[in-house]
Amino acid sequence: MAASASSLLADAASSSCGAISPRPRLLRGAPAAAFVPSPSRHSCCSLRASPARRHRSRFVASAVPTMQPPAESRVSTVVDVDLGDRSYPIYIGAGLLDEPDLLQRHVHGKRVLVVTNTTVAPLYLEKVAWALTHNNPNVSVESVILPDGEKYKDMDTLMKVFDKAVESRFDRRCTFVALGGGVIGDMCGFAAAAFLRGVNFIQIPTTLMAQVDSSVGGKTGINHPLGKNLIGAFYQPQCVLIDTDTLNTLPDRELASGIAEVVKYGLIRDAPFFEWQEKNMPELLAREPNALAYAIKRSCENKAEVVAQDEKESGLRATLNLGHTFGHVMAADMSHRLGWIDDSIKERVFAILKQAKLPIAPPETMTVEKFKNIIAVDKKVADGLLRLILLKGPLGRCVFTGDYDRNALDETLHAFCNN
């Protein structure tokens, strides 16, 4: 099962707000090297290499012009999320926070509110404020620093963002910037969608989980005491800027959470990517920069194609929730019990998760009854029917369905949980 993407250090955190007075400090990182393994057989991606070894991935023809990074940019890959007039680029590379133009071109107006948390702010807030204002004296930056942790992804904490924006007299020409992991991205995005009925929004994800999943596709929201992500909106950013150098400060637990999402893309739609992961998992765990860059690129390409086809999660996009109900292992176990996958696929799922040092069982305190109570409020429930993402067929295929034998679900729950 995927580990939580939120930090466990939030208990000691406190909330604060403040204006940023950035110093013109330039911190250089090593340039991103091209890392392309054996050519992928996956058909969704079309790559075009430039002399600077930069790649841009597109999926559906669009009349909306895309923004090219400067010729000397460290951007190694640009993945375009194609949504017509709401299309936007995902910039991927090392040291991108040292390139002010990448952020500034997507800022609307003269007022920027950076939303971050107590863990990320000391690491990157000053650098982001510098990138937003360097050689651009007309832009002023404010910040709101939220407590860190999934338990703070609620309405009370969200109100701190609105309080800061209202007190600072932000108008519709402002820009909100999410600087942090998935919790910050979801909350800042929801705040941007709701404040004055919608303001400009930029994502700067700093965890692997956010870089490969939550920052891409426009899902925003907060939790309710009775369920996760039950309150929110679909709201697309102007751009996603992924500086892979931010992964250098990522705790091992958070890295593992992101790797679980990377594995997901291989299981549900990209068998060659899964095979690459089987061969390169040690490099990912060791944070080898080129391996991480490729995993992020390939994950974003997969998600961008899905979002372009199904922005509001009417069907196809729901398959991206593999593992979100009861984990990759339990999904594979149930799929096998249904006869939808063979022994080898189930064994490969178990093996790669063990290799990634991810848990392959729920907590010991989890009982069948507790599991049933939790999944009863899963957002994939429709008309009282729990729909699941399950593997079916060869590697890289899945289904989103409520048409399955309920006995198989019960057998899986009893096999992994205490009675």
Side-chain angles (χ1 to χ4, degrees), residues 1-3 42 44 209 212-213 217 219 227-229 257 259-275 277-278 299 302-303 305-307 309-310 312-354 356 358-362 366 368 370-417:
M1 299 181 72
H42 191 60
C44 80
M209 170 78 83
V212 301
D213 185 47
K219 273 189 179 181
K228 183 176 171 62
N229 293 327
S257 295
I259 289 176
E261 292 301 299
V262 171
V263 170
K264 170 193 71 178
Y265 291 110
L267 288 174
I268 65 172
R269 66 189 323 271
D270 193 344
F273 186 31
F274 186 86
E275 293 164 359
Q277 294 167 33
E278 290 178 310
S299 298
N302 273 291
K303 186 159 188 180
E305 183 185 84
V306 171
V307 171
Q309 296 180 54
D310 181 17
K312 300 295 180 67
E313 199 171 291
S314 59
L316 176 64
R317 184 168 179 175
T319 62
L320 297 175
N321 291 319
L322 175 75
H324 291 191
T325 301
F326 54 8
H328 299 13
V329 168
M330 294 175 73
D333 179 86
M334 182 174 168
S335 301
H336 183 259
R337 291 177 189 276
L338 290 166
W340 291 358
I341 60 173
D342 60 29
D343 292 342
S344 66
I345 294 179
K346 176 184 173 182
E347 291 169 1
R348 289 172 74 182
V349 173
F350 276 64
I352 199 168
L353 294 177
K354 288 180 180 178
L358 287 161
I360 57 172
M366 183 61 69
V368 172
K370 284 183 181 178
F371 229 123
K372 287 185 175 181
N373 289 337
I374 292 170
I375 63 179
V377 293
D378 190 289
K379 64 183 177 181
K380 296 182 291 298
V381 172
D383 298 324
L385 176 66
L386 174 65
R387 297 172 297 171
L388 295 171
I389 297 90
L390 299 168
L391 305 178
K392 190 172 186 178
L395 183 67
R397 303 281 182 86
C398 69
V399 292
F400 173 49
T401 182
D403 185 14
Y404 53 82
D405 185 344
R406 291 328 186 249
N407 291 328
L409 175 58
D410 285 340
E411 289 171 2
T412 292
L413 293 178
H414 281 91
F416 283 84
C417 305

Correct closest heavy-atom pair for A331 and L322 would be CB-CD1, 3.9 Å
For residues 319-345, the salt bridge (charged side-chain N to carboxylate O under 4.0 Å, His left out) pairs (sequence neighbours left out) are D333-R337, D333-K346, R337-E411
Evaluation steps, side-chain contact (heavy atoms from CB on, under 4.5 Å), between R269 and N302: CA-CA 8 Å; R269 66 189 323 271; N302 273 291; 2.8 Å; yes
Look at the aromatic rings of F326 and F371 and report parallel, tilted or perpendicular, splitting at 30° and 60°.
perpendicular
OG (S335) and CG (L267) are apart, to the nearest 0.5 Å, by 10.0 Å
Of all heavy-atom pairs linking A408 and L338, the shortest is CB-CD2, 3.6 Å
Output for pair (I389 CD1, I268 CD1), nearest 0.5 Å, gives 8.5 Å
Those residues at least two apart in sequence (or on a different chain) that pass side chain to side chain contact (heavy atoms under 4.5 Å, CB included) with E278 are F274, E275, R348, I352
side-chain contact (heavy atoms from CB on, under 4.5 Å) between H336 and L391, intermediate numbers included | CA-CA 8 Å; H336 183 259; L391 305 178; over 6 Å; no
If only atom types and distance count, is the side chain of H328 paired as donor or acceptor with the main-chain N or O of A260 below 3.5 Å?
yes
Taken to the nearest 0.5 Å, the spacing of L320 CG from C398 SG works out to 8.5 Å
Sorted by chain and residue number, the salt bridge (Lys or Arg N to Asp or Glu O under 4.0 Å) partners of D410 (sequence neighbours excluded) come out as K372
Exercise for review: Could you go through the side-chain contact (heavy atoms from CB on, under 4.5 Å) check for R317 and K303 one step at a time?
Suggested key: CA-CA 8 Å; R317 184 168 179 175; K303 186 159 188 180; 4.2 Å; yes
Output for pair (M334 CE, L390 CG), nearest 0.5 Å, gives 5.0 Å
Across all chains, not counting sequence neighbours, the side chain to side chain contact (heavy atoms under 4.5 Å, CB included) partners of S299 are V212, V262, Y265, F273
N373 atom CG: more than 12 heavy-atom contacts under 6.0 Å: yes
For a 4.5 angstrom cut-off between non-hydrogen side-chain atoms, does V349 reach L353? yes
Hits for salt bridge (Lys or Arg N to Asp or Glu O under 4.0 Å) against K264, two or more places apart or cross-chain, chain-then-number order -> D213, E261
Separation between CD1 (I341) and CD (E347), nearest 0.5 Å, reads 10.0 Å
Contacts of K392 meeting salt bridge (Lys or Arg N to Asp or Glu O under 4.0 Å) (sequence neighbours excluded), chain-then-number -> none
Flag the pair K370 / C417 as yes when at least one side-chain heavy-atom distance between them is below 4.5 Å, and no otherwise. no
L386 meets the side chain to side chain contact (heavy atoms under 4.5 Å, CB included) criterion, sequence neighbours left out, with I375, D378, V381, L388, Y404, L409
Check your understanding: Is the closest side-chain heavy-atom distance between M366 and I374 below 4.5 Å?
Key -> yes
